[in-house]
Amino acid sequence: MAELYIRVAEDENEEPMEIPSEDDGTVLLSTVAAQFPGACGLRYRNPVSQCMRGVRLVEGILHAPENDWGSLVYVVNYPKDNKRKMDEMDAASAVKMKRSIEKTSDLIILGLPWKTSEQDLKDYFATFGEVIMVQVKRDVKTGNSKGFGFVRFTEYETQSKVISQRHMIDGRWCDCKLPNSKVFNQCLGSPMRSRKIFVGRCTEDITTDELRQFFMQYGEVTDVFIPKPFRAFAFVTFADDQVASALCGEDLIIKGVSVHISNAEPKHNNSRSPSLAAMFDQTPYQYPSSHV
DNA sequence: GTTGAGCGTT
């Protein structure tokens with residue numbers, strides 16, 4: 001599809017602005033946000049049904065309905081807590097609620113045969129339900145399996161079933177459990193008022209632009225930082241601390257990689273996380289009063 | 001080129 005411009009407006013009755021598409025016909029959310037700061041998506045009125053329809057958004061990329069943007073006017077979506085008069089807590093509690101009801105987690109698989117590959121894992125676990133991520137942990141130098149890995153399912157019922165039994169994989173009995181990091185996270189108390197999140201388990205091919213485009217869907221992103229040289233983590237700062245705290249504890253999938261979101265800790269700090277310190281120490285962790 | 005309880009390059 002040749003490069004073209006699509007018509008975007010704040011509101012159906014406002015004058016539209018022309019916004020460029022990419023070579024493949026998609027439109028980047030970041031392009032929209034450049035003109036409409038805080039935008040998190042697009043919608044349009046379907047000429048046939050007269051209903052508003054949402055535009056497909058995958059990892060920061062907006063896809064044309066029916067592969068053709070046409071001459072329709074697309075209307076900007078904003079995060080609910082920006083536009084509507086919602087209670088202060090709603091954005092955060094909505095995510096937390098969703099998580100507590102039926103949110104899947106990465107599961108650790110212990111005892112894998114050395115030869116088992118990610119494809120083997122995917123083939124095996126697909127018999128239980130839809131798999132959205134598998135990993136075999138390997139020695140970075142030799143590439144040899146460390147004998148354990150991770151799996152993530154779409155459906156919570158699938159996860160429950162998989163946890164409830166042992167698994168014969170390539171001739172060995174393996175256990176699937178909630179990883180320790182998860183168990184601790186469930187004990188996390190009140191979130192701190194930080195607008196910055198720590199994005200752990202990043203791979204080297206994930207760029208700052210991709211992080212920005214991905215996290216835009218949750219709220220306005222004001223900063224992305226990736227340490228160099230590569231250290232497998234990044235920081236993302238939102239305009240709204242509610243968005244940041246709502247994401248803490250989540251495992252999100254970016255470019256097929258499961259990254260882990262936690263609160264960005266203060267720089268000078270002992271190696272133990274606040275939640276661990278709070279659990280094992282008598283003295284509660286003191287959150288810093290001013291922290292960006 | 002080995003191994004067999006564990007926990008994902010903060």
Side-chain angles (χ1 to χ4, degrees), chain A residues 103-118 120-122 125 131-153 159 162-163 166-188 192 194 196-206 208 211 215 223-237 244 247-280 285 287-288 291-292:
Chain A
K103 196 74 207 288
T104 62
S105 312
D106 293 1
L107 302 178
I108 188 165
I109 314 157
L110 273 351
L112 288 175
W114 311 117
K115 59 168 216 184
T116 299
S117 69
E118 295 188 343
D120 295 334
L121 281 187
K122 186 156 191 178
F125 284 110
V131 174
I132 48 183
M133 190 269 320
V134 288
Q135 291 176 334
V136 171
K137 288 298 167 189
R138 299 177 182 279
D139 185 290
V140 282
K141 287 203 287 270
T142 67
N144 292 335
S145 167
K146 291 183 176 170
F148 71 97
F150 293 86
V151 62
R152 175 91 165 264
F153 296 99
Q159 166 170 325
V162 165
I163 292 178
R166 298 244 283 161
H167 300 272
M168 177 58 76
I169 301 176
D170 289 341
R172 274 181 61 93
W173 285 109
C174 303
D175 284 316
C176 274
K177 326 191 228 187
L178 274 178
N180 287 337
S181 56
K182 267 294 151 203
V183 177
F184 288 127
N185 275 332
Q186 288 170 354
C187 306
L188 252 173
M192 55 179 180
S194 172
K196 186 158 66 173
I197 56 171
F198 177 91
V199 184
R201 305 200 306 260
C202 287
T203 51
E204 203 160 7
D205 64 316
I206 298 179
T208 51
L211 287 177
F215 282 103
D223 187 57
V224 177
F225 178 75
I226 299 181
K228 286 186 276 281
F230 175 64
R231 291 223 277 156
F233 64 89
F235 293 105
V236 174
T237 308
L247 289 174
C248 285
E250 300 282 332
D251 285 315
L252 303 175
I253 297 185
I254 305 177
K255 293 174 78 178
V257 178
S258 170
V259 301
H260 185 259
I261 310 303
S262 53
N263 37 351
E265 293 176 18
K267 286 167 190 167
H268 47 280
N269 185 340
N270 58 27
S271 57
R272 292 163 66 190
S273 73
S275 52
L276 288 180
M279 287 179 66
F280 298 127
Y285 178 84
Y287 290 112
H291 180 248
V292 190

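Just so we're on the same page: letters track the sequence lines, and every chain starts at 1. Keep in mind that the numbers below use all heavy atoms, side chains included, and drop hydrogens, waters and symmetry copies.
Atom NZ in A/K141 sits roughly 16 Å away from atom P in B/dT2 (whole-Å rounding). Between the CZ atom of A/R201 and the P atom of B/dT10 there is a distance of 10 Å, given to the nearest Å. Per the geometry, CZ belonging to A/R172 stands 13 Å off P belonging to B/dG6, to the nearest Å. Between the NZ atom of A/K228 and the C1' atom of B/dT9 there is a distance of 18 Å, rounded to whole Å. In this structure, A/D251 atom CG and B/dG8 atom C1' are separated by 10 Å, rounded to whole Å. One atom, NE2 of A/H260, and another, C1' of B/dT10, lie 12 Å apart when rounded to the nearest Å. A/K137 has its NZ atom 5 Å from the C1' atom of B/dG8, to the nearest Å. Going from atom CD1 of A/I108 over to atom P of B/dG8 covers 7 Å, rounded to whole Å.
B/dT3 has its base stacked against the ring of A/W114, the centroids being under 5.5 angstrom apart at an interplanar angle below 30°. B/dG8 has A/F150 stacked on its base ring, the centres lying under 5.5 angstrom apart and the planes within 30 degrees of parallel. Between A/F198 and B/dT10, a base-stacking contact is recorded: ring centres under 5.5 Å apart, planes less than 30° from parallel.
A donor atom on one side chain and an acceptor atom on the other are found under 3.5 Å apart for A/R152 and A/T104. Using a 3.5 Å distance cut-off with no hydrogens or angles, the side chains of A/N263 and A/S194 do not pair a donor with an acceptor.
The shortest non-hydrogen separation linking A/I169 to A/P113 is O-CG, 3.2 Å. Contact between A/P227 and A/F233 at its shortest, heavy atoms only, is CD-O, 3.2 Å.
The side chain of A/K146 places no N or O atom within less than 4.0 Å of a non-bridging phosphate oxygen (OP1 or OP2) of B/dC7.
With DNA chain B read from its 5' end, the first of the two nearest nucleotides for A/L110 and A/N144 is the one closest to A/N144.
Within the nucleic acid shown, A/P113 comes within 4.0 Å of at least one base atom, counting heavy atoms only. At the heavy-atom level, A/L112 lies under 4.0 Å from base atoms of the strands shown. Residue contacts for A/G200: at a heavy-atom cut-off of 4.0 Å it reaches no nucleic acid atom on any strand shown.
Other residues, nucleotides and ligands contribute at most 12 non-hydrogen atoms within 6.0 Å of the CZ atom of A/R231.
Side-chain N/O atoms of A/N180 and base N/O atoms of B/dG6 include no donor-acceptor pair closer than 3.5 Å.
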